[in-house]
Amino acid sequence: MKYTQLGRTGLKVSRLVLGTMNFGPQTNESDSHAIMDSALGAGLNFFDTANVYGWGENKGRTEEILGTWFAQGGGRRDKVVLATKMYGNMSADGEAWPNHDKLSAVNIRRAVDASLKRLQTDHIDLYQFHHVDRNTPFDEIWQAIDVLVQQGKILYAGSSNFSGYKIAQANEQAARRGSLGLVSEQCIYNLVERRAEMEVIPAAQEYGLGVIPWSPLHGGLLGGVIKKTTEGGRRASGRAADALADPATRDRLQAYEDLLDKHGLEPGEAALAWLLTRPGITGPIVGPRTAEQLDSALRALELDLPEAVLTGLDEIFPGPGPSPEAFAW
């Protein structure tokens, strides 16, 4: 396993992040435990979850599955850098009470205590804001976070789905308070969706945040979807079906799969390996539903993409360019 520092911190994390969103809704508890055992056995020490995972009436279920895994002992909790997120309303469906969501001090306090109970741990290593809250000032947010750090309930704070200017706002306010501020940003970033390169990733680099891409395969589109639907007899659904219905997108995906086939590379593994070459990236989040999917993700760590492949990927999926040159002279 390869490790790196998380942003400007002294914390060492694996270059792949185990995403747990499928634990509960797609993968049962025993299989989820087996996947986490395999991940830890391979040296993957960075686990990411969120309080809302489990969804609907089962919000919180994913954190509970991690909690029962930690409770088995064997050094599981000590070896894991545990990241979770808060923002979404955790009230039962149809009972969306005020102050049970977003980033008010009262909800931050409520949410962290509930997550600690579900996770069966006394602290969270990386506590992340799942979305921006335009109605809560950062001074209030940092006041609440500073208290949690002092209490030992969390160690670091991170953001998710923040724009570049919100990262700047957050950390400038933290600096004025003498607080550490954000140490990571979790954003959508992959070959198909590269807008983060314009301002989010540069802002993260400027302020010393590690970048943790989510949806590295863009909902499966970069996992060889055309070959799977053609040779496997599957029917694409959701985002994949919409994308394949667009001739221009289908042509790009076909060119992508042809390029990698020419070099003997598996698309999903190559897409992850590409992210690992990008500046400022700590490691992409992989969300395996099965042990086989985890094995495939781990193989991406060993890939050294040839220059011809990197050039070809840029030609098929060009980035937006830096800001402001992307939209100015």
Side-chain angles (χ1 to χ4, degrees), residues 4-9 11 13-22 46-53 81 83-88 102-103 125-134 138 141 156-172 174 181-223 239 268 271-287 297 300 313-314 317-324 326-327:
T4 189
Q5 307 296 125
L6 179 63
R8 66 189 185 281
T9 75
L11 188 64
V13 295
S14 51
R15 293 223 65 200
L16 283 182
V17 184
L18 182 68
T20 62
M21 187 171 65
N22 289 318
F46 199 2
F47 289 18
D48 177 75
T49 191
N51 60 355
V52 294
Y53 289 172
V81 174
T84 193
K85 299 183 285 293
M86 60 81 61
Y87 176 88
K102 300 187 179 177
L103 305 180
D125 299 301
L126 178 63
Y127 201 49
Q128 302 161 109
F129 313 130
H130 213 161
H131 198 274
V132 297
D133 182 353
R134 297 177 177 88
F138 279 114
I141 293 169
Y156 304 95
S159 58
S160 182
N161 306 306
F162 273 36
S163 59
Y165 87 93
K166 282 295 180 182
I167 290 172
Q169 278 187 341
N171 274 21
E172 290 296 335
L182 301 172
V183 302
S184 64
E185 160 61 16
Q186 191 177 131
C187 61
I188 185 168
Y189 182 44
N190 55 56
L191 279 163
V192 174
E193 178 50 80
R194 294 179 61 171
R195 285 178 292 179
E197 294 175 0
M198 284 182 64
E199 296 194 16
V200 174
I201 294 175
Q205 290 180 285
E206 183 72 21
Y207 284 95
L209 279 66
V211 177
I212 308 167
W214 60 267
S215 194
L217 303 187
H218 207 63
L221 283 181
L222 295 169
R239 181 188 294 175
L272 291 173
W274 176 82
L275 280 169
L276 293 169
T277 70
R278 307 305 299 167
I281 300 303
T282 298
I285 297 174
V286 295
L313 292 174
D314 272 335
F317 302 110
S323 172
F327 50 80

- Message: Regarding Glu197 and Tyr189, do their side chains bring together a donor and an acceptor under 3.5 Å, going by distance alone?
- Response: yes
- Message: Any heavy-atom pair between the side chains of Ser184 and Thr282 that's under 4.5 Å?
- Response: no
- Does atom CZ of Arg195 have more than 12 heavy-atom neighbours, drawn from other residues, nucleotides or ligands, at distances under 6.0 Å? no
- Have Ser160 and Gln128 got a donor and an acceptor in their side chains that come within less than 3.5 Å? no
- Taking Thr20 for its side chain and Asp48 for its backbone only, find out whether a donor-acceptor pair lies under 3.5 Å. yes
- Message: Is the shortest side-chain heavy-atom distance between Leu16 and Phe46 below 4.5 Å?
- Response: no
- Item | Whether Arg278 side chain and Asn190 backbone form a donor-acceptor pair below 3.5 Å | no
- Task: Take atom CD of Gln5 as the centre, draw a 6.0 Å sphere, and report whether it contains more than 12 heavy atoms from other residues, nucleotides or ligands.
- Result: yes
- Query: Within the distance-only criterion (no hydrogens, no angle test), does the side chain of Asn161 pair as donor or acceptor with the backbone N or O of His131 below 3.5 angstrom?
  - Reply: no
- Is the side chain of Asn171 donor-acceptor paired with the backbone N or O of Gly181 at a distance under 3.5 Å, no angle test? no
- Query: Given side chains that start at C-beta, do those of Pro279 and Gln205 come closer than 4.5 Å, heavy atoms only?
  - Reply: yes
- Sub-3.5 Å donor-acceptor pair from the side chain of Lys85 to the main-chain atoms of Thr49, do we have one? yes
- Run the numbers on Arg8 and Leu209 for side-chain contact (heavy atoms from CB on, under 4.5 Å), then give the verdict. CA-CA 6 Å; Arg8 66 189 185 281; Leu209 279 66; 4.0 Å; yes
- Query: Do you see a donor-acceptor pair shorter than 3.5 Å between the side chains of Glu172 and Tyr207?
  - Reply: yes
- Task: Take Tyr127 and Thr84, measure what side-chain contact (heavy atoms from CB on, under 4.5 Å) needs, and give me the verdict at the end.
- Result: CA-CA 6 Å; Tyr127 201 49; Thr84 193; 3.7 Å; yes
- Task: Assess whether side-chain contact (heavy atoms from CB on, under 4.5 Å) is satisfied between Tyr156 and Leu6, documenting all intermediate values.
- Result: CA-CA 10 Å; Tyr156 304 95; Leu6 179 63; 5.6 Å; no
